[in-house]
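Just below is one structure, and these are the notes that go with it.
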Amino acid sequence: MKIYIVYDSEAGHTEQLARSIAKGAERVEGAEVFINHVKKANVKDLEQMDAIIWGCPGHFGTISSGMKEWIDKLGYLWAHGTLVDKIGAVFCTTATIHGGIEATLLNLITPMLHQGMMIVGLPANIPENALYGSYYGVGVTSPVEDTHDALSHSLFSKGLALGEALGTRVANTAAVYAAGRKTQTT
């Protein structure tokens, strides 16, 4: 199964989270993971994917302009129903606690719903998610006060673990869904 991760990242935090999601997806047997920044990602590549995960930094509770510009290119795929029934998931980073993580995640989910995609989030049985995560996807706060630290230390390790968990969950869901489609066609 093919999984495509598309991200917008300005300071590297969201890219780091995207790579943790890819790491989690790659753990699932049969998963082939593609990852691209929005400036390099081609929306036509989505046609061949089984699952699509996209994310960006949150800007005042909404998505970044780079991600919005990329999403706005999906009109052709929408008109042809190309993404209907594909697995989808989202992620974001913010600079401050209560910086709009859930609002940003919901704003990222909305275009997936318009495309007819099936959304996968994270459940409460993942302890870190129940403590400080989100059921809508993965949101990680990279506090402004930590900017003097190295980038690798600016993201909470538990947030990156949630990224891996989301990648694994999406890949497992895509595998189950793909197996079900094969059973229905035979």
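Here the structure is a predicted model, which is why all the values come from computation and not from measurement.
Judged by distance alone, the side chain of Asn107 and the main-chain N or O of Gly61 form a donor-acceptor pair under 3.5 Å. In terms of modelled atom types and a separation under 3.5 Å, the side chain of Lys86 and the main chain of Ile52 share no donor-acceptor contact. The backbone N or O of Tyr76 lies less than 3.5 Å from a partner atom in the side chain of His80, making a donor-acceptor pair.
Counting only heavy atoms from C-beta outward, the side chains of Leu162 and Val140 never approach each other to under 4.5 Å. Residues Trp70 and Cys56 form no side-chain contact, since every pair of their non-hydrogen atoms from C-beta on lies 4.5 Å or further apart. Counting heavy atoms from C-beta outward, Leu160 and Leu17 have side chains that approach closer than 4.5 Å. Side chains of Pro57 and Asp8 form a contact here, defined as non-hydrogen atoms less than 4.5 Å apart. The closest side-chain heavy-atom distance from Val6 to Ile53 is not below 4.5 Å. A heavy-atom distance below 4.5 Å is found between the side chains of Arg169 and Pro123. When side chains are defined from C-beta on, Tyr4 counts as touching Asp45, because their heavy atoms get closer than 4.5 Å.
With respect to Ile119, the side chain to side chain contact (heavy atoms under 4.5 Å, CB included) criterion is satisfied by exactly one of Val90, Leu108, Ile87, Ile109: Ile109.
Across all non-hydrogen atoms, the minimal contact from Lys2 to Gln48 is CD-O, 3.5 Å. The two residues Leu105 and Ser134 have their closest heavy-atom pair at CD1-OG, 3.5 Å. The minimum heavy-atom distance between Ser64 and Glu10, with the atom names listed, is CB-OE2, 4.2 Å. Shown here for Val28 and Met1, the closest heavy-atom pair between the two residues is CG1-CE, 4.1 Å.
Under the 4.5 Å side-chain heavy-atom criterion for Ile, Leu, Val, Met, Phe, Trp and Tyr, Val33 and Leu83 are members of distinct hydrophobic clusters. One hydrophobic cluster, built from ILVMFWY side chains closer than 4.5 Å, holds both Ile3 and Val138. By the rule that hydrophobic residues join a cluster once side-chain heavy atoms approach within less than 4.5 Å of another member, Met67 and Phe34 end up as members of one cluster.
Atoms CD1 and OG1, from Ile101 and Thr141 in turn, are 3.5 Å apart once rounded to the nearest 0.5 Å.
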Test side chain to side chain contact (heavy atoms under 4.5 Å, CB included) on Glu164 and Arg27 and set out the steps. CA-CA 9 Å; Glu164 290 181 33; Arg27 287 189 183 132; 2.4 Å; yes

Does the pair Ile21 and Phe91 meet the rule for a side chain to side chain contact (heavy atoms under 4.5 Å, CB included), with working shown? CA-CA 9 Å; Ile21 293 167; Phe91 62 98; 3.4 Å; yes

Before you tell me yes or no, could you show the steps for Tyr177 and Asp85 under side chain to side chain contact (heavy atoms under 4.5 Å, CB included), namely the whole-Å CA-CA distance, both residues' side-chain angles and the distance that decides it to 0.1 Å? CA-CA 9 Å; Tyr177 186 68; Asp85 291 338; 3.3 Å; yes

Is there a side chain to side chain contact (heavy atoms under 4.5 Å, CB included) between His59 and Lys68? Walk through the geometry before answering. CA-CA 11 Å; His59 289 183; Lys68 174 72 168 108; over 6 Å; no

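Listed by chain and residue number, Glu15 satisfy the side-chain hydrogen bond (donor to acceptor under 3.5 Å, both in side chains) test with Arg19 (two or more places apart in sequence, or in another chain).
The local environment of OH in Tyr136 is sparse, with at most 12 non-hydrogen atoms from other residues, nucleotides or ligands closer than 6.0 Å. Counting heavy atoms of neighbouring residues, nucleotides and ligands inside a 6.0 Å radius, atom CD of Glu69 does not exceed 12 of them.
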